[in-house]
Number of protein chains: 2
Amino acid sequence: MKQSNIAKVFKALSSEQRLNLFKMICDETEKLNLGKEKNCCEGLEKAFTTACDCLDLSRSTISHHFKELQNAGLITCKRVGQSYSCMVNKDVVQEVREFLK
Amino acid sequence: MKQSNIAKVFKALSSEQRLNLFKMICDETEKLNLGKEKNCCEGLEKAFTTACDCLDLSRSTISHHFKELQNAGLITCKRVGQSYSCMVNKDVVQEVREFLK
DNA sequence: TTTACTATTCGAGAACTATCGAACATTATG
DNA sequence: CATAATGTTCGATAGTTCTCGAATAGTAAA
């Protein structure tokens, strides 16, 4: 990954609220996967709604933060019916960890 | 480390120029330590001057970026004579890596 | 189709950041 | 002390980011 992309990831995680959001996605995803087979994860369902519950921010702001995380490549979201499923891109996280080695 | 401090570290690394600076410090420090005993590292000497050579930025801007990295706890600097010695705080980097696990 | 729920986009204001050059401070040396 | 080298601080400017509420759009269900 180019260094400019690494910076982009750091930027995405540099706002405290967005870091909370990212952590929430990671944690909730992990909860869902406890006791399931590996790789069966379809992502966190109703991610947007969950985020609205967890963070004290307007929906438009939350939408914006989701976009930033997607834009940095940290998460992938897809519409599922009325709502929103969301996955952490572990390979990107891993690359950033390698960078910090 | 509190999540707000983690965000601070990410913020420090979120500017591309500052990321270059940090990388430069890491790389130059590593060069110096090749072939030396472990833990003999006194830090990168003349870090400021080296930074001025590597980055196309004014001295005041570089001073500002050093401050940001220090403030986030990523590096520690001390004056040595006329110039400036600088060390990476590996434990902080390690904590951030753990956060991303 | 109407209604309700969910998410996005837009416009705006406040706050923050990156960057510069100029002036200043500190240290070493002739 | 005078000069040179190295860093810091200040004030300004241009640009970016966070946040909101209002308006809009997509989807599901009555």
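Source: prediction; values computed, not measured.
Taking a heavy-atom distance under 4.0 Å as the criterion, the stretch of DNA chain C touched by chain B extends 5' to 3' from C:dT17 to C:dA28.
Residues meeting the salt bridge (charged side-chain N to carboxylate O under 4.0 Å, His left out) test with A:Lys90, sequence neighbours left out: none.
Within 6.0 Å of CD in A:Gln17 there are more than 12 heavy atoms belonging to other residues, nucleotides or ligands. For B:Asp91, the CG atom counts as densely surrounded, since its 6.0 Å shell holds more than 12 non-hydrogen atoms of other residues, nucleotides or ligands. Applying the 6.0 Å contact sphere to CG of B:Asp53 captures more than 12 heavy atoms from other residues, nucleotides or ligands.
A:Lys23 and A:Asp27 are joined by a salt bridge, as a carboxylate oxygen and a charged side-chain nitrogen come within less than 4.0 angstrom of each other.
A heavy atom lying under 4.0 Å from DNA chain C marks the following residues of residues 46-62 of chain A, by number: A:Phe48, A:Thr49, A:Arg59, A:Ser60. If you check residues 16-26 of chain A against DNA chain C, you find no residue with a heavy atom closer than 4.0 Å. The stretch residues 64-86 of chain B touches DNA chain D through B:Lys67, B:Gln82, B:Ser83, B:Tyr84, each having a heavy atom under 4.0 angstrom from the strand.
At a threshold of 4.5 Å between non-hydrogen side-chain atoms, the residues B:Cys86 and B:Phe48 do not count as touching. Here the side chains of A:Gln3 and B:Asn20 are in contact, with some heavy-atom distance below 4.5 Å.
Between B:Cys77 atom SG and B:Arg79 atom CZ the span is 11.5 Å, to the nearest 0.5 Å.
Side-chain atoms of A:Thr61 and A:Ser58 form a donor-acceptor pair, as typed in the model, at a separation below 3.5 Å.
A:Arg18 places no side-chain N or O within 3.5 Å of a backbone atom of A:Leu13 that could act as its donor or acceptor partner. A:Thr50 places a side-chain N or O within 3.5 Å of a backbone atom of A:Lys46 that can act as its donor or acceptor partner.
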Result block: side-chain N/O donor-acceptor pairs under 3.5 angstrom for residues 93-101 of chain B, not counting sequence neighbours:
residue, atom, partner, partner atom, Å
B:Gln94, NE2, B:Glu98, OE2, 3.4
B:Glu95, OE1, B:Met1, N, 3.1
B:Arg97, NE, A:Arg97, O, 3.0

